[in-house]
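The structure under discussion appears below in the form of structure tokens.
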2 protein chains.
Amino acid sequence: MPLGRPRAFDIDKALDRALDVFWRKGYEGASLPDLTKAMGINRPSLYAAFGNKEALFRKALDRYAEGPAGYVFEALNEPTARAAVERLLFGGIDLVTDPRNPHGCLMVHGALACGEAGDCIRQELASRRAAGQTALRKRFERARAEGDLPPDSNPADLARYIVTVMHGMAVQAASGASRKQLRRVAETALRAWPA
Amino acid sequence: MPLGRPRAFDIDKALDRALDVFWRKGYEGASLPDLTKAMGINRPSLYAAFGNKEALFRKALDRYAEGPAGYVFEALNEPTARAAVERLLFGGIDLVTDPRNPHGCLMVHGALACGEAGDCIRQELASRRAAGQTALRKRFERARAEGDLPPDSNPADLARYIVTVMHGMAVQAASGASRKQLRRVAETALRAWPA
DNA sequence: CGACTATTGTACTAATTGGTAAAAAATTCC
DNA sequence: GGAATTTTTTACCAATTAGTACAATAGTCG
């Protein structure tokens, strides 16, 4: 039980609200009034609890990775590369078209192009996307070593291809594509999968 | 020869500079000082010549569509659907990785997520992307009617798939992917093409 | 109760945002 | 050489940006 006046809001719920705002408007597009209003707190409370806008975004990003985007880790643990890819694609579609959330992917459109103020976050997102791609490549390398993928397949190329399709689908979702439409995209994309 | 004091700058060159700034920073991320500095003019000249920031962006967008993105029209005029798709993919890669330009696609990351101020441009970009996808679908419908695509192929799905890959590659390019890497992505994507 | 500690609300700051008023300057028309 | 017209320059505006100082408040500890 901490000392001093108790915090009057649920810090996790507030973070969820902040995540929602960043998800919908991006890092630079989300203003502090937007955030504080959605979080139901005033500005000094935000700064006391989260640091500043950038730190708040990073915490929201962590929450995004562990929560909504958590399916990625499960996908990588599927027994076969094919199963992993299917789960990645269809799980990703469910995420970026979830009616309860803003459509699209925070890691893609949180800060894809921005002014100097957001450059640091832009790089952070790019490096997280790259990390995801690397994890997938490693999964494919393992699959090839296990005979799950043919010896002439290229894990790096496959990983980049799958990630490219996923990012493209995030753009599609942000533009209003439906879950059904994206599932057909995923099925088409899977036709490129090595036999 | 127009009346009054002659304009001291080349309006087309200025627009090219503005396009470059928007391309690199996005609509909201590009500030007026960014723009005027790059264009080499001061603010009232910008407003007199282009209207306002939004009108300037729209003109830059038109220029983008006719100039750098002009390959799309040529691609759609290729004799076969397969040739059109290849030209679309590899031409798009050349565009989004052109060392002379900011990496990525203005129509994708010009305003993917933003505050209320940019919402109008966000919709404009989404509708232009949709228009491109529709044009591709029509091209595929024609191809199927001509026997160039198998009767059981789905033009709408194929168009959405190709556009998705292209948008994904734009994200990849904005994150630093090389031309060579994206060409391998395109080759992988083409394995999904109907025989 | 009183000391201590942390959060809250209000009010503020300095810088930046997009946009403009008004005068000076450069050209054409008569 | 004016009069008319348009662009340039400088200076400004109101609104918004992220961030903070400070006093009031609400708790725990002794």
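Chain A is the first sequence line, chain B the second, and so forth, proteins listed ahead of strands; every chain is numbered from 1. All of these numbers come straight from a predicted model, not from anything done at the bench.
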When rounded to the nearest 0.5 angstrom, what distance separates CD1 in B:I11 from CD1 in B:I41? 8.5 Å
My understanding is that only one of A:R137, A:R144, A:K138 makes a salt bridge (Lys or Arg N to Asp or Glu O under 4.0 Å) with A:E141; could you say which? A:R137
Roughly, in whole Å, what's the span from CG in A:L32 to C1' in C:dT17? 15 Å
Would you compute the distance between atom CZ of B:R58 and atom CG of B:L125 and round it to the nearest 0.5 angstrom? 9.0 Å
Counted 5' to 3', the first and last nucleotides of DNA chain D within 4.0 Å (strictly under) of a heavy-atom of chain A are D:dT17 to D:dC29
Residue pairs fulfilling ring pair (Phe, Tyr, Trp, His ring centres under 6.0 Å) with at least one residue in residues 1-47 of chain B, sequence neighbours excluded: B:F22-B:F57, B:W23-B:Y64, B:Y27-B:F57
From CD of A:E28 over to P of C:dT17, roughly how many Å is that when rounded to an integer? 10 Å
Identify each atom pair where a protein N or O and an N or O of nucleotides 10-15 of chain C are less than 3.5 Å apart, giving names and distance.
none

For DNA chain D, determine which residues of residues 2-24 of chain B have any heavy atom closer than 4.0 angstrom to one of its atoms, and list them numerically. B:L3, B:G4, B:R5, B:P6, B:R7, B:A8, B:F9
Are A:Q172 and B:Q133 close enough that a side-chain donor and a side-chain acceptor fall under 3.5 Å? yes
Atom CG of B:L35 and atom C1' of C:dG19 are separated, to the nearest Å, by 13 Å
Separation between CG (B:L61) and CD (B:E124), nearest 0.5 Å, reads 6.0 Å
Within residues 133-191 of chain A or reaching into it, pairs that qualify as ring pair (Phe, Tyr, Trp, His ring centres under 6.0 Å) - sequence neighbours excluded: A:F140-A:W193
Smallest heavy-atom separation, B:A174 atom then A:L112 atom, equals CB-CD1, 4.3 Å
Checking A:T36 now: which residues fulfil side chain to side chain donor-acceptor pair (under 3.5 Å) with it, not counting sequence neighbours? none
Donor-acceptor check, side chain of B:E78 to backbone of B:R87, threshold 3.5 angstrom: yes or no? no
